[in-house]
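Notes to accompany the following structure.
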Amino acid sequence: MTTPTPEQVDAWFAQAADITLEGMRAGTGGPFGATLVHDGEVVVSVGNTVLKDTDPSGHAEMVAVREACRRLGTLDLSGMVMYATCEPCPMCVAVMMWAGITECYYASTRDDAASNGFSDTHLRRYLDGSDTSTMDLVHLAEGREECAAIWTEFRALNG
């Protein structure tokens with residue numbers, strides 16, 4: 001993989017910013033966008049779709065991963081690079097990791113987002129264990145044979 005030129009990086013961020021502004025003006029998305037690039041070529045450039053889809057997971061990075069996987073017919077986006085207009089939240093970092101993306105460049109920070117009403121501090125504190133008051137995550141293993149049977153069936157189907 002070759003190192004992109006500053007002009008390429010500028011263009012990829014500009015694409016993400018432009019589509020984000022379009023979505024904001026149309027009332028379909030919030031102030032977040034992303035461009036996913038593979039070998040110097042844009043795979044997708046998207047804005048946040050939370051409002052359009054009434055979906056709290058419609059973050060730009062999440063939408064970019066979903067769209068790229070759908071277009072390419074794969075779950076493996078290894079070798080691709082994400083350019084995000086703002087620092088990704090923990091959910092978006094997780095989906096990028098699941099998809100095999102190992103590089104993400106961002107412009108605005110989580111503090112910029114928080115100062116505009118988009119704080120993910122509660123998620124970060126929950127995940128680092130410093131605040132568990134936001135959600136109870138309870139393991140119920142006893143009496144869940146139907147759930148355990150799923151793994152047996154999975155192994156039989158993929159064995």
Side-chain angles (χ1 to χ4, degrees), residues 1-138 150 154:
M1 186 167 121
T2 59
T3 303
T5 66
E7 293 80 17
Q8 286 176 304
V9 172
D10 290 347
W12 297 329
F13 273 112
Q15 273 188 267
D18 289 346
I19 199 162
T20 300
L21 290 169
E22 285 176 29
M24 286 172 44
R25 290 173 184 142
T28 60
F32 305 96
T35 298
L36 190 57
V37 175
H38 187 250
D39 289 335
E41 298 294 323
V42 172
V43 177
V44 295
S45 194
V46 299
N48 170 300
T49 62
V50 169
L51 299 174
K52 178 179 96 173
D53 297 335
T54 318
D55 177 1
S57 72
H59 294 198
E61 301 89 346
M62 182 79 76
V63 174
V65 167
R66 286 178 185 152
E67 185 62 27
C69 288
R70 191 172 17 258
R71 283 186 189 179
L72 301 172
T74 183
L75 299 174
D76 184 5
L77 303 180
S78 298
M80 297 195 189
V81 179
M82 186 75 73
Y83 294 86
T85 62
C86 190
E87 183 176 357
C89 76
M91 174 184 69
C92 293
V93 169
V95 78
M96 286 187 277
M97 291 173 69
W98 279 111
I101 296 168
T102 59
E103 279 187 275
C104 176
Y105 297 91
Y106 62 91
S108 301
T109 67
R110 69 179 90 166
D111 295 330
D112 296 322
S115 69
N116 286 282
F118 296 94
S119 178
D120 64 4
T121 302
H122 63 297
L123 295 172
R124 294 177 188 279
R125 287 186 180 150
Y126 180 83
L127 292 171
D128 74 12
S130 64
D131 181 4
T132 58
S133 69
T134 56
M135 185 174 81
D136 291 327
L137 192 58
V138 182
I150 292 169
F154 175 79

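Computed over heavy atoms, backbone and side chain alike; hydrogens, waters and symmetry mates excluded.
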What's the shortest heavy-atom distance between Leu36 and Ala68, and which atoms? CD2-CB, 3.6 Å

Heavy-atom closest pair, residues Ala113 and Cys86: CB-SG, 3.9 Å

Do NZ/NE/NH1/NH2 and the carboxylate oxygens of Arg124 and Asp120 come within less than 4.0 Å? yes

Report the distance from atom CD of Glu87 to atom OH of Tyr105, rounding to the nearest 0.5 Å. 15.0 Å

Does some side-chain heavy atom of Pro4 sit less than 4.5 Å from a side-chain heavy atom of Tyr83? yes

Please report the shortest heavy-atom distance between Thr132 and Tyr126, naming the atom on each side. CA-CD1, 4.0 Å

Are any of the side-chain heavy atoms of Leu72 and Leu77 separated by less than 4.5 Å? yes

How far does CZ of Phe32 sit from CG of Asn48, to the nearest 0.5 angstrom? 7.0 Å

Any side-chain donor-acceptor pair under 3.5 Å between Asp112 and Thr109? yes

If you look at every heavy atom in Cys92 and Met62, which pair is closest and at what distance? SG-N, 4.1 Å

Answer yes if the side chains of Thr74 and Asp76 hold a donor-acceptor pair under 3.5 Å, and no otherwise. no

Rounded to the nearest 0.5 Å, how far apart are OG1 of Thr121 and CZ of Arg110? 7.5 Å

Could you go step by step and tell me if Thr134 and Arg125 meet the side-chain contact (heavy atoms from CB on, under 4.5 Å) rule? CA-CA 9 Å; Thr134 56; Arg125 287 186 180 150; over 6 Å; no

If you take all heavy atoms of Thr20 and Ala16, which pair is closest and at what distance? OG1-O, 2.6 Å

Is the side chain of Thr5 donor-acceptor paired with the backbone N or O of Gln8 at a distance under 3.5 Å, no angle test? yes

Basic-acidic side-chain contact under 4.0 Å: Arg66, Asp55: yes

I'd like to know if Glu22 pairs up with Arg25 as an ion pair, taking the criterion as any Lys NZ or Arg NE/NH1/NH2 lying under 4.0 Å from an Asp or Glu carboxylate oxygen. no

d(Met80 CE, Met96 CE) to nearest 0.5 Å is 13.5 Å

Counting only N and O atoms by type, is there a donor-acceptor contact under 3.5 Å from the side chain of Asp18 to the main-chain atoms of Gln15? no

Looking only at heavy atoms, the pair that brings Met24 and Gly30 closest together is CG-O, 3.5 Å

